[in-house]
Structures are given as structure tokens and as C-alpha cells.
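Heads up, the thing below is written out as C-alpha cells.
If you're wondering where the values come from, they're calculated on a predicted model, not measured in any experiment.
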Amino acid sequence: RSGNLLPYIGTEYVARDMDLLRAAVGDEKLNYFGISYGTFIGTVYANLFPTRIRVMALDGAYDPGAYANNPYKYDYSQYVALEETLQRFLDWCGRSPDCLFGHGDPGAAYDALVADLDDHPVRDAHGNVLANGATLTYQIMFALNGGRSSWRQIAKDLSAAQQRSGSYVDSMGSRSNFFAANVSVECADRVYPPSKLLLPSRLALAVASSPRTGPVAAYGPPGYDHSHANACQQWPAKRASRYAGPWNAHGSEPILVVGTTGDPDTPYQDAVTLAATLENGYLLTFVGEGHSGFAHSSCSRAAEIGRAHV
């Protein structure tokens, strides 16, 4: 029901709308803090209006050139980052007394749980599937964004899922609106090569790099971030609001870029690339787990809040 809107929800129009809001409240310059996709909005704004920035901090950064113009490369990095984060959690679980999931072999227990949910999904009273291996994988995908402090709870929730209880066996229906918006915005922003031969080969490469988390993103329905190739490769709407570069924000004030080494959602190397791409970018590295430094590092928060008061 939103077909007429689809060409206009790309990030360039978002950034231009943001500048209209700046003008509407009478500010000569913009103060901006963006996390995750918000870093791409900030990057586009900084390139459209570099002299209208007062302070800007971008945390959990996108590599803008790859995101917009080389999406298979960008997606591959996210497949790898997510799989590596899950493996770090399972390694911790196997040696920590705080993890009771898997009885010393959490990797095998996790694989068995996913397979069993696929073979015997949880259904409601009408026979509709509420949870299976794919929905469990999606729940884990989001839970890992919570960083190391969330690992104990993830282990408890996986143990509950073995008993077919807890949040991991609830319906994913509440996320459907978010998934629809996420796919639509990214397909407005990104151009996947139209080759039908390239799509399966690149998806197969991604799955080979991430055997636990990759298949649901590569071959499931369009949902979150790196699962969009199937939809965007055949996207029918025009991309009237797509921004494709440049990315250096020539003439801007200093821009703080924050990257987390164990970020499962926006790989750390993206922050390194963005800081180097921006003419006046500065990188702050948080060595830790979770999506964004602001959410998991007091040092990162202090630096980002400090930027707001410069």
C-alpha cells in the first residue's frame, strides 16, 4: 500500500528533510548524533551540507561507499561479523560457570536446538508457526547486539527455548513493520548488480562464511540489513532519493567516528574506513562487544556527550 512512496524514502531525502528541520527551528548549524543507520544519514548530511555542521558524532559506522555502491561486499562483512560474535559467545559459554546452556558443548547444543525447532516448530492453537530455527536465529542476531553483559541472559533464554518456553519461542510478527521499513529504505539506497548469476554465487559465499547465522539471511524472506539482496536485486521502484557520493565531507567541522571491535551489526572496519574517508574524521575505538560504543562503553559515551557540549 506504499508503492507511491518507495522512490522517496532514500537517505538523501532524509538528510534534506533534516536540514529543513534545522532551518525551521532557526539554527544556523546542526548538532547531530547518529548510531548505526543513523551514521549513514549523518554522512550524507555532512556531504550535502558540510558547512552547516556544528558538532557530529557517528557511532557504529557504515562504510558509505560500500553500503551504497558495493552492497555485496558490504553485506559480506556483516555476515562475517555476526557469525564471529556468535562464536565468541559460544566459546565464552563453553568455559564460563555463568553459562548453563549446552553442558560444556554449547555449539553442538545450539545446532541441535535450531535443527529441532526446524523439525518441530512451535505452533499456536490454529497451527500457525510461532517459532522455528530461523526465528531463533533472528532472535539471537538482535540479542547479540546487547554486548557481553547480555551473554548470561542469552544463555538462559537458549536453555528456556530447549524447553519450548521463553522469549525465543515467541512470534516474530511484532518485527514485521520494522523489517518492511528496513528493506524498503535500503533498497531505495543501494543498487545490487542486476546479474541473476551473481546473486546466488555471492549468497553462497556469504553462507559459507557464516554457516550458523547466514542461511536465514541469505535464503529467508527479506528482513534485516544483510538479508536484502534477494529483494533489492529485483526492486521495481525508482531510486529518486538515493545518494551515491562523494563521501569526504569537504570543509566540515571535525566529525567523531566511533567503532566497536566486536560489533556484530556494523563491523569495526567500517568505522575505520569512514574516519579515513572523511576529510576531517577522527576515530575512537572501543575494544569490546555489542552494537555501538555509546550503548556499552562509558568512555565512548563521555566522548560523544562531550562533542555535544563543545
Side-chain angles (χ1 to χ4, degrees), residues 33-40 42 57-63 77-102 106-107 109-110 113 135-161 166-168 170 172 174-175 178 182 209-210 212-214 216-217 223-227 256-275 283-307:
F33 172 46
I35 292 180
S36 196
Y37 168 67
T39 69
F40 187 65
L58 307 176
D59 187 344
Y62 282 27
D63 172 349
S77 296
Q78 191 170 6
Y79 277 95
V80 172
L82 179 60
E83 187 79 8
E84 289 179 346
T85 302
L86 176 57
Q87 187 59 56
R88 289 194 298 274
F89 160 74
L90 293 172
D91 290 344
W92 164 85
C93 189
R95 62 177 183 267
S96 173
D98 292 330
C99 180
L100 302 180
F101 173 72
Y110 181 87
L113 175 59
T135 63
L136 177 77
T137 301
Y138 253 115
Q139 300 279 22
I140 290 293
M141 180 189 305
F142 288 110
L144 289 172
N145 284 342
R148 195 177 182 90
S149 63
S150 70
W151 286 2
R152 183 185 297 184
Q153 186 60 49
I154 292 173
K156 290 180 179 179
D157 289 341
L158 285 171
S159 295
S167 61
Y168 287 0
D170 290 339
M172 290 284 286
S174 61
R175 296 191 187 271
F178 168 68
N182 189 269
S209 73
S210 51
R212 285 191 170 106
T213 59
V216 64
Y224 182 66
D225 282 9
H226 56 304
S227 69
L256 176 66
V257 179
V258 181
T260 300
T261 56
D263 194 320
D265 203 329
T266 49
Y268 170 69
Q269 186 58 44
D270 283 15
V272 175
T273 300
L274 177 59
L283 176 66
L284 172 65
T285 297
F286 165 49
V287 179
E289 299 286 344
H291 186 32
S292 85
F294 188 89
H296 306 290
S297 162
S298 59
C299 174
S300 297
R301 283 194 297 275
E304 290 162 327
I305 292 171
R307 287 294 300 155

Specify the closest pair of heavy atoms between [X] and [Y], including all atoms of both residues, with the distance to one decimal.
X	Y	answer
Gly60	Asp263	CA-OD2, 4.3 Å
Tyr79	Gly214	CE2-O, 3.6 Å
Ser227	Gly223	OG-N, 2.9 Å
Asp270	Ala61	CB-O, 3.2 Å

Taking only residues two or more places apart in sequence or in another chain, which ones pass ring-ring contact (aromatic ring centres under 6.0 Å, His included) with Phe33?
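Applying ring-ring contact (aromatic ring centres under 6.0 Å, His included) to Phe33 gives Phe294.
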
For Tyr62, all residues meeting ring-ring contact (aromatic ring centres under 6.0 Å, His included), sequence neighbours excluded
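For Tyr62, the residues satisfying ring-ring contact (aromatic ring centres under 6.0 Å, His included) (neighbours in sequence not counted) are Tyr67, Tyr74.
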
Flag side-chain contact, heavy atom, 4.5 Å: [X] against [Y]:
X	Y	value
Val216	Tyr224	no
Arg148	His296	no
Leu284	Ser300	yes
Gln78	Asp265	yes
Asp59	Thr266	no
Asn145	Pro264	yes
Thr261	Tyr268	yes
Gln269	Asp63	no

From [X] atom [atom1] to [Y] atom [atom2], the distance as rounded to the nearest 0.5 Å:
X	Y	atom1	atom2	value
Ser167	Ile154	OG	CD1	10.0 Å
Leu283	Leu58	CG	CG	11.5 Å
Phe286	Ser298	CZ	OG	8.5 Å
Tyr168	Ser159	OH	OG	10.5 Å
His291	Leu144	NE2	CG	12.5 Å
Ser77	His226	OG	NE2	11.0 Å

Between [X] and [Y], is there a donor-acceptor pair closer than 3.5 Å when you use the side chain of the first and the backbone of the second?
X	Y	result
Thr39	Ser36	yes
Ser292	Ala295	yes
Thr260	Gly293	yes
Asn182	Asp225	yes

Full working for side chain to side chain contact (heavy atoms under 4.5 Å, CB included) between Leu158 and Leu136
CA-CA 9 Å; Leu158 285 171; Leu136 177 77; 4.2 Å; yes

Specify whether Phe142 and Tyr138 have parallel, tilted or perpendicular ring planes, treating 30° as the upper limit for parallel and 60° as the lower limit for perpendicular.
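Correct class here is parallel.
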
For the pair Trp92 and Trp151, name the ring-plane relationship: parallel under 30°, tilted 30 to 60°, perpendicular over 60°.
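Answer is tilted, since the angle falls between 30° and 60°.
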
Kindly indicate, with the supporting measurements, whether the criterion side chain to side chain contact (heavy atoms under 4.5 Å, CB included) is fulfilled by Phe89 and Ile140.
CA-CA 11 Å; Phe89 160 74; Ile140 290 293; 5.8 Å; no

Please determine, by modelled atom types, if Arg88 and Thr85 share a side-chain donor-acceptor pair under 3.5 angstrom.
yes

Side chain to side chain donor-acceptor pair (under 3.5 Å) against Glu83, all qualifying residues, sequence neighbours excluded:
Thr213

Using the side chain to side chain contact (heavy atoms under 4.5 Å, CB included) rule, take Gln139 and Asp157 through it: C-alpha gap first, then chi angles, then the decisive distance, then the call.
CA-CA 10 Å; Gln139 300 279 22; Asp157 289 341; over 6 Å; no

